[in-house]
Chemist: 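Below you will find the structure I want to go over with you.
Remember, it's a predicted structure, so these values are computed and weren't measured experimentally.
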Amino acid sequence: MRTRPRLLAVAAAGTLSLAAVTGCGGTDGTDGTDGTTSGKDPGPQGSASASQGGAADGPQAVRAAHHRTTAAKTAKMTLLTRARSGGDSAEARGAGVVDLGSGSSDLTLRTGNQQVRQRLVDGMLYQQPFAEQRQQLPQGKSWLKVDLKKLLAQSGSSAQYEDPTASFNYTKGISDKDVTKVGSETVDGTATTHYKVSVDVAELAKGNEQQAKQLRAQLGDRLPLDIWLDGQGRVRQEKVEVAPKGGKQGSSGARTAVSTTLKFSDFGTDVNVTAPPAEDTVDITAKAAQQGQRTSKS
C-alpha cells in the first residue's frame, strides 16, 4: 500500500512549515511537544496568570505577539507535524534554534528512523536528506538548496520547501473580530493564555494572486490558528490543523489532513546559523518549481 510512504513524505517534508497548506511543521515531545521542555528561559516564567508582566490581553495581545516575540531575538523551537489520510497516519518531529529577527533557523527533523537536517539562511533553504537519498545526489554533494523567493515566483507555491516558522507571521494584520480568547492554560510548565484566531487566507499570499487562488481552493477563505501567549506576550505555541478541500491526494483518493504545532522556548539562547559550504550543495530550485507547477495543475 503506497499511502503510508506518501504520508511519511508529507510529514517529513511537511515539517518544513506550517502552512500545512502544503505540508508543514510542528513541535516535538522530548524536544518539547509532549509537555517536557527542552530547557528553561533565561527570564522568569509565568506563574498564576499569563497576563502578568504588563502584556496586553485579548486581540491586542495577539496583534502584538509577533513584535514581543521577535524582541526576544532568538529561541529554541520544536515542531510536530501529523498527517492523516483515510485510516493511515504518520508524523515528523523536529527540534532546533531560530533567529527570530532574521528568520534563520537550524533544525533536525525526524520521521520514523529517518532524519533530515535543515537550515534556512537569507531566504535559502538547505536540506540534508535521508542517508539513502543522499546517495542519489551528484558526487561530493550532501545538501539540497532551494531559493524560496524564486520558487514562489516561478510556481506560485513553495511546495514542501517552506520556512518552518512561516505560521509565526500569520497573526499580522488580524482584526479584533478574528480573535477569541479561550482561557488560561499551561504549556510546558509556563502559564499562557490560549486564543483561537481566524486568519484570512488571502493575507497568506498577499501580492501573489496565483498562490492566493491555490490556497483558497485548498483551504477555503479562512485558516484556523490556535496560539498560546506567555505573561510577556510572547508566542509559546501555535497550532494549525488543515484538511484540504480539493486537489488529488494520492492513489487511495483520500485527502491528507495535516496538523502542525510550533513551540518556542529558551528565549535568548545562542544561535549562529550558517549556510553549508557551496561545494557541498546542489541547487534544485528549478526542479522544485517544475514539480510545483505540475502539482497545481493536477
Side-chain angles (χ1 to χ4, degrees), residues 17-21 24-29 31-38 40-41 43-72 75-82 84 91 93 100 164-204 219-243 257-267:
S17 172
L18 159 96
V21 171
C24 2
T27 319
D28 164 34
D31 307 303
T33 327
D34 57 2
T36 304
T37 52
S38 55
K40 292 185 178 180
D41 278 359
Q45 295 185 341
S47 52
S49 170
S51 61
Q52 294 176 350
D57 197 11
Q60 182 181 352
V62 177
R63 287 197 299 271
H66 186 277
H67 172 73
R68 287 180 176 271
T69 307
T70 302
K76 290 184 179 179
M77 68 173 170
T78 58
L79 301 170
L80 172 62
T81 298
R82 289 193 171 106
R84 304 180 306 279
E91 71 176 36
R93 295 174 179 268
L100 296 163
T165 62
S167 62
F168 179 49
N169 298 310
Y170 288 3
T171 54
K172 290 181 176 180
I174 62 170
S175 63
D176 289 3
K177 65 181 177 61
D178 298 327
V179 178
T180 301
K181 183 177 178 179
V182 177
S184 299
E185 298 178 13
T186 300
V187 175
D188 297 336
T190 297
T192 69
T193 302
H194 179 190
Y195 297 92
K196 287 187 175 295
V197 182
S198 178
V199 180
D200 184 349
V201 167
E203 289 295 314
L204 305 183
L219 308 174
D221 294 327
R222 312 293 299 186
L223 179 69
L225 170 70
D226 284 80
I227 185 170
W228 288 258
L229 307 181
D230 67 13
Q232 296 183 52
R234 303 172 303 191
V235 175
R236 285 291 180 155
Q237 178 172 277
E238 283 188 355
K239 184 176 182 179
V240 173
E241 296 187 59
V242 176
V258 182
S259 169
T260 297
T261 306
L262 167 69
K263 288 185 181 181
F264 293 131
S265 67
D266 299 89
F267 291 107

Chemist: Working to the nearest 0.5 Å, report the span between CE of M77 and CG of L262.
Modeler: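 That separation rounds to 7.0 Å.
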Chemist: Would R63 and D176 count as a side chain to side chain contact (heavy atoms under 4.5 Å, CB included) if you check the C-alpha gap in whole Å, the side-chain angles of each, and the deciding distance to 0.1 Å?
Modeler: CA-CA 9 Å; R63 287 197 299 271; D176 289 3; 2.3 Å; yes
Chemist: First locate atom CG of L225, then atom CD of E241, and finally report the distance between them rounded to the nearest 0.5 Å.
Modeler: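 It comes to 11.0 Å.
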Chemist: Closest approach of S259 and R84, non-hydrogen atoms and distance?
Modeler: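 In this case the closest contact between S259 and R84 is CB-NH1, 4.2 Å.
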Chemist: If you look at every heavy atom in T70 and H66, which pair is closest and at what distance?
Modeler: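 Answer, listing the atom of T70 first, then H66: OG1-O, 2.8 Å.
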Chemist: Within the distance-only criterion (no hydrogens, no angle test), does the side chain of S198 pair as donor or acceptor with the backbone N or O of D178 below 3.5 angstrom?
Modeler: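 No, the answer is negative, given that no donor and acceptor are paired below the 3.5 Å cut-off.
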Chemist: Before you tell me yes or no, could you show the steps for F264 and R234 under side chain to side chain contact (heavy atoms under 4.5 Å, CB included), namely the whole-Å CA-CA distance, both residues' side-chain angles and the distance that decides it to 0.1 Å?
Modeler: CA-CA 9 Å; F264 293 131; R234 303 172 303 191; over 6 Å; no
Chemist: Of all heavy-atom pairs between L100 and A72, which one has the smallest distance, and what is that distance?
Modeler: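 Looking at all heavy atoms of both residues, the closest pair is CD1-CB, 4.4 Å.
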Chemist: So among T186, T192, T193, which one has a side-chain contact (heavy atoms from CB on, under 4.5 Å) with R236?
Modeler: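 When T186, T192, T193 are each tested with R236, the side-chain contact (heavy atoms from CB on, under 4.5 Å) holds only for T192.
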Chemist: Going by the side-chain contact (heavy atoms from CB on, under 4.5 Å) test, name the single residue among T190, T69, V187 that passes it with D230.
Modeler: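 Exactly one option meets the side-chain contact (heavy atoms from CB on, under 4.5 Å) with D230, and it is T190.
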Chemist: Yes or no on side chain to side chain contact (heavy atoms under 4.5 Å, CB included) for K239 and W228, after CA distance, side-chain angles and deciding distance?
Modeler: CA-CA 9 Å; K239 184 176 182 179; W228 288 258; 4.0 Å; yes
Chemist: Where do Y195 and G58 come nearest, in terms of heavy atoms and distance?
Modeler: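 Y195 and G58 have their closest heavy atoms at OH-N, 3.0 Å.
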Chemist: Give, for atom NZ of K196 and atom OG1 of T180, the distance between the pair rounded to the nearest 0.5 Å.
Modeler: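 It is 9.0 Å, given to the nearest 0.5 Å.
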Chemist: Output, in order, the C-alpha distance, side-chain angles, deciding distance and verdict of side chain to side chain contact (heavy atoms under 4.5 Å, CB included) for V235 and L229.
Modeler: CA-CA 5 Å; V235 175; L229 307 181; 3.9 Å; yes
